[in-house]
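See structure below.
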Amino acid sequence: MSINPLLESMTPYRPGRSIESVKRQYQLSQVIKLASNENPLGPSPKALAAIAKYAAESHLYPDGSSSELTEKLASHHQVPYDHICLGNGSDELFDQLIRIYVDPGEAVLVSQGAFNAYALSALAHRASVIEVPLRSDFQIDLEAFDHVLRTRLKENKIRLVFIPNINNPTGLLLPYQEIVNFLEKWGRNPEVLIVIDEAYHHFISSSQYRSACQFQKEFPSLIVSRTFSKSYGLAGLRLGYLIAPSQVCTYIHRVRKPFNVNRLAQKAGLAALDDHDFLERSQQLIRQEKVKIRDFLAEHQISFLPSEGNFYMINMKRDLKLVEEFFLKHGVIIRPVDNYGFTTWIRVSVGLPEENTKMLLVLEECFRKIEELPDHRY
C-alpha cells in the first residue's frame, strides 16, 4: 500500500524525556524536568479547583462549540465571538490551517530553527516547506521572508507564513516595528495568511514587544495564536486558540473534530483566565530566576542567547549526547536542540529556585568534567 512519500524523510516530533522514564533508567529517586518550558508553579489553583469540581462530570460530552470559553476569550481580547476558535493545543490549530488553506504541492513558509510542528504538519498534508535561514545573530529574518514572498509567492503557491514571536528554542524577540514593516507589505494580501505564534506572550518584558493582536484590524490576513500551556500551566490539558478573521474560524469549525476541546480543559481555561494572582506570580518567578541564571552564565563565560521566554538556549560547545547523558545521570532533564540545527546547544527551562540552583551546579560540573573533549563551536 502506498503512503505519502514525504513521510519517509520526516523525523517525528521529539518531546522532552519524562521524569518517570529517567527515574527508571538511572535508578534515581528525584529528577527535575527543565526541558519543555512548562510552568514550574504547576497549574493555576483556580483551574485545579475547576478540574476537581467538574471531574465527576467526565462521563458527559463537552460543549462541542466551547461556547462559554470562546465568549470569555472574545471579551478578553475585545474581538467578536466569531473571531476566536479553540483547539486541542495550538498545534492542532496549525494543522487545521494547513488542511484548509494548503493543497498538496502548495507551500508554507517557515524559519530555520523555529517550532517544527509547522513543517511537520505541512509535510504530513503533502505540502512543500520553504525554510528561510536565520540571520547570523540567530534572529528570524523577516527581510528574507519578504524576499521569498516577492520572488516565489506565485511560483511556489505559498499559502501560509508561520512566525513565532518569541521564537522557540532561541527565545529571541522580533521587535514590533520589524513585524509592522512586514505586515505593511503582506498583511493585506489575500493570497497568503500570516500566523504569528505568541505562545510565550506573558513572559515578554521588552519594550520592543507589541502583541500582533493590536494590528489585526489593520491587516486582514493576520492570525494570532495563543496557548494555555505555558503561563497558565495547563500543558497537560492541551488547550490553544486563534484570534483570526471570522472566515478562518468558520472553516476551522467545519474541519475540526466534534469534541476537540475536552470538558476539563474548557472549565480549567475559564478559571485560569480569572486567576490574575497566579499569572502575576508566574511572571515574577520567571523574571527573578532568569536574572539568577543569566548572571551565572555571564560570570562563567558560558555562551547563551538573551531569551524573552521562560527558558535559555545555552551553547555547550561539546557533543550533545555526552552532555545530555551527564545531566540525566545527575537527575536533570534538559533539551538538546540539535534537531533544530543547533548542533552544540541545549535549551533549559526556568524552574523553581532550588531546581535552577541544582541545574547550574550540574552545568558547571558538566563543563569541568568534559573539558577534555574537543571544542565544537556552532
Side-chain angles (χ1 to χ4, degrees), residues 44 46-47 50 63-90 92-94 96-97 161-166 173-184 186-188 190 193-234 237 239-253 256 260-261 265-283 308:
S44 147
K46 289 187 177 181
D63 173 4
S65 300
S66 304
S67 54
E68 191 176 2
L69 182 53
T70 300
E71 184 175 348
K72 195 175 187 80
L73 285 168
S75 175
H76 179 75
H77 288 285
Q78 297 183 321
V79 298
Y81 178 93
D82 60 357
H83 285 235
I84 299 288
C85 44
L86 288 107
N88 184 32
S90 300
E92 183 194 41
L93 293 163
F94 301 147
Q96 289 168 346
L97 286 171
V161 178
F162 287 98
I163 302 172
N165 196 34
I166 61 170
L173 172 74
L174 280 165
Y176 72 91
Q177 193 58 58
E178 289 190 30
I179 290 179
V180 171
N181 292 344
F182 180 78
L183 291 174
E184 286 287 354
W186 297 104
R188 302 181 186 91
L193 287 172
I194 299 163
V195 183
I196 297 187
D197 184 357
E198 295 185 345
Y200 298 92
H201 160 75
H202 286 122
F203 298 122
I204 302 172
S205 58
S206 171
S207 61
Q208 293 300 304
Y209 175 68
R210 300 285 188 280
S211 170
C213 293
Q214 298 180 19
F215 312 130
Q216 285 187 296
K217 289 182 180 179
E218 189 175 354
F219 302 109
S221 295
L222 175 60
I223 298 170
V224 179
S225 167
R226 293 281 183 88
T227 180
F228 282 81
S229 293
K230 307 304 178 185
S231 52
Y232 291 115
L234 299 179
L237 290 181
L239 182 60
Y241 63 99
L242 300 180
I243 309 106
S246 59
Q247 185 183 45
V248 172
C249 292
T250 295
Y251 287 125
I252 283 182
H253 289 311
R256 67 174 174 81
N260 62 324
V261 179
Q266 292 182 38
K267 298 299 184 182
L270 282 164
L273 285 172
D274 287 333
D275 204 339
H276 307 295
D277 290 342
F278 174 78
L279 180 58
E280 188 173 329
R281 284 194 293 117
S282 298
Q283 293 169 314
E308 282 287 334

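Not measured: the values here are computed from a predicted model. As a basis for the values below, the full set of heavy atoms in this structure was taken, side chains included, without hydrogen atoms, waters or symmetry mates.
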Side chain to side chain, [X] and [Y], heavy atoms closer than 4.5 Å:
X	Y	result
Ile166	Phe203	no
Ile204	Asn165	no
Phe228	Leu237	no
Tyr232	Ser282	no

Ile252 vs Leu97, side chain to side chain contact (heavy atoms under 4.5 Å, CB included): CA-CA, chis, key distance, verdict: CA-CA 7 Å; Ile252 283 182; Leu97 286 171; 4.0 Å; yes
Spacing of [atom1] belonging to [X] relative to [atom2] belonging to [Y], to within rounding of 0.5 Å:
X	Y	atom1	atom2	value
Leu86	Asn260	CG	CG	8.0 Å
Ser221	Ile194	OG	CD1	6.5 Å
Ser75	Leu273	OG	CG	10.0 Å
Trp186	Leu193	CH2	CG	13.0 Å
Leu73	His83	CG	NE2	14.0 Å

Side chain to side chain contact (heavy atoms under 4.5 Å, CB included) assessment of Ile84 paired with Leu69: CA-CA 10 Å; Ile84 299 288; Leu69 182 53; over 6 Å; no
Flag if over 12 foreign heavy atoms under 6.0 Å of CD, Gln177: yes
More than 12 heavy atoms of other groups within 6.0 Å of Glu280 CD: no
Residues that His76 engages under side-chain hydrogen bond (donor to acceptor under 3.5 Å, both in side chains), provided they are two or more places apart: none
Contacts of Ser90 that satisfy side-chain hydrogen bond (donor to acceptor under 3.5 Å, both in side chains) - sequence neighbours left out: none
Examine distances only and state if a side-chain atom of [X] and a backbone atom of [Y] form a donor-acceptor pair shorter than 3.5 Å.
X	Y	answer
Ser44	Ala47	yes
Gln266	Val261	yes
Asp63	Ser67	yes
Ser206	Gln208	yes

Of all pairs that satisfy salt bridge (Lys or Arg N to Asp or Glu O under 4.0 Å), the ones with a partner from residues 213-226, not counting sequence neighbours: Arg188-Glu218, Glu198-Arg226
Salt bridge (Lys or Arg N to Asp or Glu O under 4.0 Å) partners of residues 66-83, not counting sequence neighbours, each pair once: Glu68-Lys267, Lys72-Asp274
Stepwise side chain to side chain contact (heavy atoms under 4.5 Å, CB included) test for Phe182 and Ile163: CA-CA 11 Å; Phe182 180 78; Ile163 302 172; 3.8 Å; yes
Ring geometry between Phe219 and Phe215 (parallel below 30°, tilted from 30 to 60°, perpendicular above 60°): perpendicular
Parallel, tilted or perpendicular, as decided by the 30° and 60° cut-offs, for the rings of Tyr209 and His201: tilted
Determine all donor-acceptor pairs shorter than 3.5 Å in which one atom belongs to a side chain in residues 240-251; sequence neighbours excluded.
from	atom 1	to	atom 2	distance (Å)
Tyr241	OH	His77	NE2	2.7
Thr250	OG1	Ser246	O	2.9

Work out which heavy atom in [X] is nearest to a heavy atom in [Y]; give both atom names and the distance.
X	Y	answer
Ala212	Leu222	O-CD2, 3.5 Å
Ser231	His202	OG-ND1, 2.8 Å
Arg256	Gly64	NH2-O, 2.8 Å
Ile223	Gln216	CA-NE2, 3.9 Å

Listed partners of Ala271 passing side-chain contact (heavy atoms from CB on, under 4.5 Å), at least two apart: Lys46, Ala50
Stepwise side chain to side chain contact (heavy atoms under 4.5 Å, CB included) check, Ile196 with Leu174: CA-CA 11 Å; Ile196 297 187; Leu174 280 165; over 6 Å; no
